[in-house]
Colleague: 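One structure, pasted below without further comment.
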Amino acid sequence: ELKVEQNPLFLSMQEGKNYTIYCNYSTTSDRLYWYRQDPGKSLESLFVLLSNGAVKQEGRLMASLDTKARLSTLHITAAVHDLSATYFCAVDRRVETSGSRLTFGEGTQLTVNP
Amino acid sequence: DTGVSQNPRHKITKRGQNVTFRCDPISEHNRLYWYRQTLGQGPEFLTYFQNEAQLEKSRLLSDRFSAERPKGSFSTLEIQRTEQGDSAMYLCASTFYGTANIQYFGAGTRLSVL
């Protein structure tokens, strides 16, 4: 059974600081996704990583994928309050019979303090 | 295109009642997914459709749950004889199955079973 683990689960940081969220998964995967969820809202797609060594950047967020280590990171640079949210990684595992589905980590609740 | 639409946004019901939720995916998306999310957790896969065919169901989907996607457009998720443990946010997502397979999520239906 595919397991996806994120750490830390809770992260409180000051504006202007850098930090990294880690996502480990237990079996081979085709794709890895990062989503953002604000309280009471749905999930917003941030990044999709399709191959070993893939790196994507958008603003103050950068995601990378190491398929050999089964590890993805989400790096936050010079955090601002607007980045406060819960961040999920999700792994797409092809099911032998017919297709794919996402398995999500528990989420990292990020709070950026002024 | 306004994205994935879910109705109702909130549903309060008494234990033992039946409830039905609707999801309208992004037009031209051929895959539609249902997930369940409880407080403080990541979404858990329930089932998915490719066009009108239901291709996979999670073990989480007991026989009280049924989903349909007639004509490959909107989908409904019905829960019969609701239990308090069914209280959760039910999320729908859609994608056009291809390379990236980014799933776009609706705002969800929050179910409270009293």
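Computed from heavy atoms alone, side chains included, the values below leave out hydrogens, waters and symmetry copies. Chain A is the first sequence line, chain B the second, and so forth, proteins listed ahead of strands; every chain is numbered from 1.
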Colleague: Cut-off 3.5 Å, side chains only: do B/Arg31 and B/Gln50 have a donor facing an acceptor?
Modeller: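 The answer is yes; a qualifying pair exists.
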Colleague: Strictly less than 4.5 Å between heavy atoms, which residues of residues 45-81 of chain A line up against chain B? Please order them by number.
Modeller: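 Near chain B, by residue number: A/Ser45, A/Val48, A/Leu50.
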Colleague: Which bit of B/Gln37 is near chain A, if near means a heavy-atom gap under 4.5 Å: side chain, backbone, both or neither?
Modeller: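 Just the side chain, heavy atoms under 4.5 Å.
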Colleague: Please table the atom pairs, donor to acceptor, closer than 3.5 Å between any side-chain atom in residues 103-114 of chain A and protein atoms at least two apart or in another chain.
Modeller:
{"from": "A/Thr108", "atom 1": "OG1", "to": "A/Gln6", "atom 2": "NE2", "distance (Å)": "3.1"}
{"from": "A/Thr108", "atom 1": "OG1", "to": "A/Pro8", "atom 2": "O", "distance (Å)": "2.6"}
{"from": "A/Asn113", "atom 1": "ND2", "to": "A/Ser12", "atom 2": "OG", "distance (Å)": "2.8"}

Colleague: Linking Ile, Leu, Val, Met, Phe, Trp and Tyr by side-chain heavy atoms under 4.5 Å, what else ends up with A/Leu9?
Modeller: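 Answer for A/Leu9: A/Phe10.
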Colleague: Go through the side-chain N and O atoms of B/Gln103 and B/Tyr35 and say whether any donor and acceptor fall under 3.5 Å apart.
Modeller: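 Yes, because at least one side-chain N or O of B/Gln103 sits under 3.5 Å from a partner of the opposite role on B/Tyr35.
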Colleague: Do you know which of B/Ala93, B/Gly42, B/Pro43 has the most heavy-atom pairs with chain A at a distance under 4.5 angstrom?
Modeller: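 Winner by heavy-atom pair count: B/Pro43.
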Colleague: So, B/Thr47 and B/Gln54: side-chain donor and acceptor under 3.5 Å apart, yes or no?
Modeller: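 A pair is found: one side chain offers a donor N or O, the other an acceptor, under 3.5 Å apart.
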Colleague: Quick check on B/Leu91 against chain A: is it the side chain, the backbone, both or neither that has a heavy atom closer than 4.5 Å?
Modeller: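 The answer is the side chain of B/Leu91.
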Colleague: Using a side-chain heavy atom cutoff under 4.5 Å and only I, L, V, M, F, W and Y, what cluster partners does B/Val19 have?
Modeller: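 ILVMFWY cluster around B/Val19 also holds B/Phe21, B/Leu32, B/Trp34, B/Leu46, B/Phe49, B/Leu60, B/Leu61, B/Phe65, B/Leu77, B/Ile79, B/Tyr90, B/Leu111, B/Val113.
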Colleague: Same cluster for A/Phe88 and A/Val4 if Ile/Leu/Val/Met/Phe/Trp/Tyr side chains link at under 4.5 Å?
Modeller: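 In one cluster: no.
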